[in-house]
Amino acid sequence: MGNFFHQMRVSSALLKRLQSHQRAIASVNVDGSRSFTTTEGHRPTIVHKRSIDILHDPWFNKGTAFSMTERDRLDLRGLLPPNVMSSEQQIERFMADLKRLQLSARDGPSDPYSLAKWRILNRLHDRNETMYYKVLIDNIEEYAPIVYTPTVGLVCQKYSGLFRRPRGMYFSAEDRGEMMSMVYNWPADQVDMIVVTDGSRILGLGDLGVQGIGIAIGKLDLYVAAAGINPQRVLPVMIDVGTNNEKLLEDPLYLGLQEHRLDGEEYIAVIDEFMEAVFTRWPHVIVQFEDFQSKWAFKLLQRYRNEYRMFNDDVQGTAGVALAGLLGAVRAQGRPMIDFPKMKIVVAGAGSAGIGVLNAARKTMARMLGDTDIAFESARSQFWVVDANGLITEARENIDPDARPFARKVKEIERQGLTEGAKLVEVVRQVKPDVLLGLSAVGGLFSKEVLEALKGSTSTRPAIFAMSNPTKNAECTPEEAFSIVGDNIIFGSGSPFNNVDLGNGHVGHSNQANNMFLFPGIGLGTLLSGSKVVSDGMLQAAAECLAAYMTEEEVLQGIIYPSISRIRDITKEVAAAVIKEAIEEDLAEGYREIDARELQKLTEDEIRTYVMNNMWSPEYPTLVYKKE
Ligand SMILES: NC(=O)C1=CN([C@@H]2O[C@H](COP(=O)(O)OP(=O)(O)OC[C@H]3O[C@@H](n4cnc5c(N)ncnc54)[C@H](O)[C@@H]3O)[C@@H](O)[C@H]2O)C=CC1
Ligand SMILES: CC(=O)C(=O)O
Ligand SMILES: [Mg+2]
């Protein structure tokens with residue numbers, strides 16, 4: 001039905017075009033291009049380029065003002081956000097943004113100039129990719145917080161003002177039936193990595209609709225900088241199925257579809273069509289799902305993970321990073337990793353990230369306890385999960401099926417002096433956990449009261465993970481954690497914070513507990529192994545590699561994650577671990593000139609060299625012109 005109407009629209013557009021061509025009179029301009037004067041008095045300009053070339057040509061580019069018929073005529077469909085704007089709207093958007101700069105800079109995280117820095121870097125990204133990535137790689141510690149969390153969150157929030165040149169592809173609900181041909185509008189014949197979002201839960205900032213493309217761009221910046229994926233082979237994708245953000249629905253300058261989100265079968269049909277289209281054009285691509293609301297994150301993962309080379313970063317990448325942190329917290333107490341199943345863990349947040357972490361931690365505990373059904377069942381009792389409605393128990397009505405395995409038994413928690421829906425502070429007070437981990441998206445959730453309660457922890461060195469992003473959503477700051485709970489804690493946060501000066505030359509180490517330490521290596525390892533799926537074993541190998549990366553000395557100092565300045569090295573190690581596991585599981589089918597048999601013969605060191613040799617570095621190549 002939709003298709004039929006679409007064809008009707010196209011054919012009537014074609015008819016109009018033909019009519020106006022019949023009425024056109026040709027003339028030649030001074031620059032050699034040809035113009036037509038139509039009987040209506042308009043003078044169309046003949047251009048000799050199409051698609052991305054026209055967007056990159058400041059002479060002819062109209063950005064969001066290309067009409068739908070022009071987009072079809074010039075192969076631009078999918079290369080721009082779907083809302084067609086008038087030139088007046090474009091100017092209004094630009095001016096609104098310009099005036100907002102001062103205000104936005106004040107809104108920013110710790111760095112008041114973060115947004116201005118992002119703009120400068122973004123302009124460089126548009127002009128010269130090699131130089132952009134050289135700057136990023138050489139100064140990753142300084143600029144990761146600009147192109148990635150926290151500033152990327154602000155960028156997504158302000159995207160309608162910041163948008164200049166499009167980057168990546170947009171597939172919208174309006175494009176149903178067209179995606180298979182639209183993918184050919186992308187200029188690159190080879191794409192290795194796609195990061196796709198539907199904008200429904202961007203960091204902890206909620207539904208940002210089409211503006212969520214910023215997070216896909218930021219993640220792919222790390223793919224290039226950390227994993228050495230060639231920037232010509234990355235593709236950020238926004239699937240615009242509408243938004244339920246009422247502010248955006250009413251904003252005349254919003255760049256996306258101004259309708260409520262598709263849901264149910266209609267929604268799945270759009271994502272299915274997208275997956276089929278990209279894997280048809282690029283059968284070897286890896287698709288990373290990013291920042292999909294929990295409601296869809298798990299369902300889509302289950303739907304595609306055995307069929308396509310894909311993974312969900314928030315569910316699976318975060319799980320691995322948190323697991324590495326939990327194991328680090330055990331080691332930091334001077335205990336062997338095998339003590340992990342004894343840890344009492346309180347998790348605040350039962351969304352895609354929280355549930356992903358809980359499942360991975362429970363499985364790892366069970367494996368350490370002998371990998372039996374009994375071990376799996378007993379591991380469950382190490383977790384207390386608190387969501388927006390308090391402690392989750394079996395007495396909860398309409399319990400989310402993904403959280404059900406972690407619902408506490410009522411009798412058992414009554415013995416602990418707790419009830420269904422108990423507040424976080426009560427849970428911490430009664431459980432006296434070893435670990436308090438936040439993936440709630442609620443800034444300041446680990447209040448003074450909660451942190452005071454954690455002082456009663458039975459652990460010799462309690463661990464606090466305030467993993468929500470961006471900075472203002474962190475459950476607490478390291479200053480709060482160290483000053484309230486005490487100097488002898490482990491601290492990790494999703495967005496970067498400075499270390500804390502504890503006086504007398506002592507430093508309270510602030511770790512960045514972010515999935516950026518895993519997703520680039522998972523993607524690169526999967527690519528180079530040629531595995532057709534991303535298996536649980538490959539993800540586990542990635543997490544274990546990260547957990548083992550820090551030395552005993554570092555861990556005892558409270559340093560349980562690498563500094564971001566080492567991200568290229570840890571990514572290489574993670575990629576090698578993923579490849580090794582893929583080989584062991586007989587999933588590695590090879591990549592380019594190296595086939596499965598040759599991969600199997602590689603030693604661990606040779607796998608590392610293989611990874612390094614396949615990482616792109618930002619060096620200018622020699623260019624030679626050749627006629628088409
Ligand atoms: N550090 C990292 O690498 C990562 C961090 N995250 C962050 O995790 C956060 C959550 O992400 P998702 O799970 O996808 O979001 P989500 O929206 O699916 O889940 C949020 C969860 O927090 C719960 N919650 C809300 N208010 C609460 C409260 N007052 N107390 C306890 N729980 C509360 C909700 O009930 C829900 O279960 C986001 O801020 C995101 O940026 C996500 C992925 C990776
Ligand atoms: C880091 C990340 O993936 C998130 O906050 O959603
Ligand atoms: Mg994410």
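- Taking R396 as the reference, D387, N389, I392, I399, E420 meet the side chain to side chain contact (heavy atoms under 4.5 Å, CB included) condition, with sequence neighbours excluded.
- Distance alone, capped at 3.5 Å, places no donor-acceptor pair between the N511 side chain and the A513 backbone.
- For Y308, the ring pair (Phe, Tyr, Trp, His ring centres under 6.0 Å) criterion is met by F279, Y304, not counting sequence neighbours.
- Between the R461 side chain and the G334 main chain, no donor and acceptor come within less than 3.5 Å of each other.
- Remark: S563 engages E141, S565 in a side chain to side chain contact (heavy atoms under 4.5 Å, CB included) (not counting sequence neighbours).
- Using modelled atom types, one finds no donor on one side chain facing an acceptor on the other under 3.5 Å when comparing T526 with S531.
- Contacts classified as ring pair (Phe, Tyr, Trp, His ring centres under 6.0 Å) and involving residues 451-509 (residues at least two apart or in different chains) are not found.
- A side-chain donor-acceptor contact under 3.5 Å links N469 to the backbone of S495.
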Cut-off 3.5 Å, no hydrogens considered: what does the side-chain donor-acceptor table look like for residues 435-443, sequence neighbours left out?
residue	atom	partner	partner atom	Å
S440	OG	V442	N	3.1
S440	OG	E475	OE2	2.8

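- In terms of the ring pair (Phe, Tyr, Trp, His ring centres under 6.0 Å) criterion, residue partners of F292 (sequence neighbours excluded) are, by chain and number, F289.
- In this structure, T571 contributes its side chain and G521 its backbone to no donor-acceptor pair below 3.5 Å.
- In terms of the ring pair (Phe, Tyr, Trp, His ring centres under 6.0 Å) criterion, residue partners of Y223 (sequence neighbours excluded) are, by chain and number, F519.
- Take Q302 and apply the side chain to side chain contact (heavy atoms under 4.5 Å, CB included) test, not counting sequence neighbours, and it matches R305.
- Judged by distance alone, the side chains of D569 and Y549 do bring a donor and an acceptor atom under 3.5 Å apart.
- With hydrogens and angles disregarded, a donor-acceptor distance shorter than 3.5 Å links the side chain of R408 to the backbone of S381.
- Note on residues 312-327: pairs passing salt bridge (Lys or Arg N to Asp or Glu O under 4.0 Å), not counting sequence neighbours, are R201-D314, K219-D313.
- Side chains of L369 and S378 form a contact here, defined as non-hydrogen atoms less than 4.5 Å apart.
- Listed by first then second residue, pairs satisfying salt bridge (Lys or Arg N to Asp or Glu O under 4.0 Å) with a partner in residues 341-352 read D339-K342, not counting sequence neighbours.
- Listed for the R568 side chain is a donor-acceptor partner under 3.5 Å among the backbone atoms of A225.
- A 4.5 Å side-chain heavy-atom check between I345 and D434 finds every atom pair outside the cut-off.
- Take V507 and apply the side chain to side chain contact (heavy atoms under 4.5 Å, CB included) test, not counting sequence neighbours, and it matches N499.
- With sequence neighbours excluded, the residues satisfying salt bridge (Lys or Arg N to Asp or Glu O under 4.0 Å) with D605 are R608.
- A donor-acceptor pair shorter than 3.5 Å cannot be found between the side chains of W384 and Q430.
- Geometric assessment of R362 against the ring of F383 yields a negative cation-pi assignment under the 6.0 Å and 45° thresholds.
- Salt-bridge check for R380 with E394: passed, with a basic side-chain N closer than 4.0 Å to an acidic carboxylate O.
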